[in-house]
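Here the structure comes first, spelled out in structure tokens, and everything after it is commentary.
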There are 2 protein chains.
Amino acid sequence: MSTLYRRLADELRAGIANGTYPPGSRLPSESELAERHGAARGTVRQAFTVLAADGLISSRKGTRRLVLGPALRQSFSQLHSFSRWAASIGETPGVRMVELVRREPTDLEAERLELSPGTRIYHLTRVRLLSGRPVMVERTAYVERIGALVGGIAADAGDESVTARLEELGVVFAHAEHTVSAITAEAEDARLLGVRPHSALLRELRRTTDPDNRPLEWSDDRYLGDAVAFTVHNSVRASTLIRSSAPSR
Amino acid sequence: MSTLYRRLADELRAGIANGTYPPGSRLPSESELAERHGAARGTVRQAFTVLAADGLISSRKGTRRLVLGPALRQSFSQLHSFSRWAASIGETPGVRMVELVRREPTDLEAERLELSPGTRIYHLTRVRLLSGRPVMVERTAYVERIGALVGGIAADAGDESVTARLEELGVVFAHAEHTVSAITAEAEDARLLGVRPHSALLRELRRTTDPDNRPLEWSDDRYLGDAVAFTVHNSVRASTLIRSSAPSR
DNA sequence: CAGTGGTCTAGACCACTGG
DNA sequence: CAGTGGTCTAGACCACTGT
């Protein structure tokens, strides 16, 4: 379960968060940490790699690692689940169910979910609330296997997190691709969110896959323009951000 | 310069791009690659780490690594430079100079650039074009040291890339933080981009720092809503994406 | 110059996959 | 079951930093 390098990373992360290693300070050297924990240098380096991937520290040959700042980053699961994200920022998540149907996929859905001809999908439309205020319209297509589970969940769970329940049922969300663009509110968007048509919305197209890269869901989420922003850290060494020439349809 | 693990990573990346390892196929095992190149297994693993960070492959205990797809990812420098990005998608970049001034920073600029009291900034406003069409308004504040160089560049370079010239002059851009949100076009935005006021724009706030995390520039870029989208790959293991509760001012 | 991180080697044991 | 990736050790040499 918990490995040594992960425990070292957690300890360092905690030290950054609690002020032991404030932003701008230097972390202990690899050899010092290795000796202190009775670990090999390579293991300590694995721990540092985790923190660097989170944008918490930077490193240069010849000097100890520099602390950049406390953890702003949210975990994959917070990014994936609206409910968890809401909880992490101290807001109360809410849901207004709009529709759940089982139907034939559109061409776009079939392509993004890599469906064989003839298979069906479950399509869920909901309005998500933060402390009672509508902030996002969610339109998600689930592959049939997952959608069958969603049917049972969404029916009775009220404002519960679909993501959390699916994970309890053994569904593993491993990778996601998020495409963010600006869009003008359509009539239905405006009605569901309680804003004027043509208001500026932030659109997130999300495709989530399992550990073997098999698609699980494909979602078109539209946020109020002033309700949300997405932040990315990148560096010369590691980056996952792409700027593409146009929103993918 | 070029290290063994980077050469291995490049070779594997090329194999994925040219069809030797098509999406969905499995890569050679660590031990096989190690033996074939006379390298240690740890070195091969370093190479795989690079590809995984780019979202090109996934791995699970017990099976060979899976090829996810060809490289969609753009490099840090393409993300950082509009001109390089334009070139990478086959468009001709253009620039319309609006203003370059040396002045006192606003409070926000002073904070984001970590300025000492009394220092000044250079503020550059430009309209960026793709194949002659205005697609983005760029408003960038440079720290004084960099701005002095920008003054010379922007004056005579025409449609040349400021970023590329700064790098030739020895400025090293190492980290960046991008925050993306939706915003309504203000009067000046609408005029510069040739759209109606209140159109939906995609706003990118960008803060770029050097290898020691010292701020170099802080920019507010506003794209036509249908001109651009940002895409992020993330996974349970590595992610750099944040969803924050509100646009940072 | 001593200290540091970057790279690389050559082993080891384990948990997991798939036939 | 053999093969694979995940973790970990214990070394080594180098380039770079800061004094």
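Numbered from 1 within each chain, the chains take letters A, B, ... in sequence-line order.
Between A:His37 and A:Leu8, the closest side-chain pair of non-hydrogen atoms falls below 4.5 Å. A:Ile57 places none of its side-chain heavy atoms less than 4.5 Å from the side chain of A:Tyr21.
Closest to the side chain of A:Gln46, out of C:dT9, C:dG6, D:dT7, is D:dT7. The B:Tyr5 side chain lies nearest to C:dT7 when the options are C:dT7, C:dT4, D:dG6. Closest to the side chain of A:Arg64, from the set D:dC8, C:dG5, C:dT4, is C:dT4. For A:Leu4, the listed nucleotide lying nearest its side chain is D:dT9; candidates were C:dG5, C:dT7, D:dT9. Distance from the side chain of A:Arg60 is smallest for D:dG18 among the nucleotides C:dG18, D:dG5, D:dG18. Picking from C:dT7, D:dT7, C:dC8 the nucleotide with the shortest atom distance to the side chain of B:Arg45 gives D:dT7.
In this structure, NE2 of B:His37 is placed 15 Å from C1' of C:dC8, rounded to the nearest angstrom. A:Arg65 places its CZ atom 17 Å from the P atom of D:dC16, with the value rounded to the nearest Å. Residue B:Glu32 contributes atom CD, which lies 8 Å from atom P of D:dT4 at whole-angstrom precision. Put simply, CZ on B:Arg7 is 11 Å from C1' on C:dT7, counting in whole angstrom units. If you take CD of B:Glu35 and P of C:dG11, they are 13 Å apart, rounded to a whole angstrom. Taking atom CZ on B:Phe48 and atom P on D:dT7, their separation rounds to 15 Å, with Å as the unit. To the nearest angstrom, C1' of D:dT4 lies 14 Å from CG of B:Leu66. Taking atom CG on A:Leu8 and atom P on D:dC8, their separation rounds to 8 Å, with Å as the unit.
A salt bridge links B:Arg112 to B:Glu177: at least one charged side-chain nitrogen sits closer than 4.0 Å to a carboxylate oxygen.
Proximity of B:Thr63 to the phosphate of C:dC16: no side-chain N or O atom is located under 4.0 Å from OP1 or OP2. Checking the phosphate oxygens (OP1, OP2) of D:dG6, no side-chain nitrogen or oxygen of A:Thr3 falls inside 4.0 Å. Here A:Ser59 reaches the OP1 or OP2 of C:dG6: one of its side-chain N or O atoms lies under 4.0 Å away.
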Under the criterion salt bridge (Lys or Arg N to Asp or Glu O under 4.0 Å), I'd like the reasoning laid out for B:Arg139 against B:Glu109: C-alpha separation, chi angles, the key distance, then a yes or no.
CA-CA 12 Å; B:Arg139 296 182 179 90; B:Glu109 286 162 352; over 6 Å; no

Step by step, work out the side-chain contact (heavy atoms from CB on, under 4.5 Å) result for B:Arg26 and B:Val67.
CA-CA 6 Å; B:Arg26 304 264 167 193; B:Val67 178; over 6 Å; no

Tell me, with the steps shown, if A:Asp221 and A:Phe82 meet side-chain contact (heavy atoms from CB on, under 4.5 Å).
CA-CA 11 Å; A:Asp221 295 351; A:Phe82 181 90; over 6 Å; no

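Nucleotides of DNA chain D nearest to B:Ser31 and A:Gly62 differ in position, and the one nearer the 5' end is that of B:Ser31.
By the side-chain contact (heavy atoms from CB on, under 4.5 Å) test, A:Thr20 is found to be paired with A:Asn18, residues two or more places apart in sequence or in another chain being considered.
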Please tabulate, one pair per line, each protein N/O and nucleotide N/O from nucleotides 12-14 of chain C that are separated by under 3.5 Å, including the distance.
unit_1: C:dA12; atom_1: N6; unit_2: B:Arg41; atom_2: NH1; d: 3.0

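Among A:Val143, A:Thr208, A:Leu108, A:Thr140, the single residue meeting the side chain to side chain contact (heavy atoms under 4.5 Å, CB included) criterion with A:Trp218 is A:Leu108.
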Read 5' to 3' with Watson-Crick or G-U pairs under 3.5 Å, [ ] for crossing pairs and | for partners on another strand, DNA chain D gives ||||||||||||||||||.

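Crowding of B:Arg145 atom CZ: a count of heavy atoms from other residues, nucleotides or ligands under 6.0 Å not exceeding 12. Summarising the local packing, CD of A:Glu35 is surrounded by 12 or fewer heavy atoms from other residues, nucleotides or ligands at distances under 6.0 Å.
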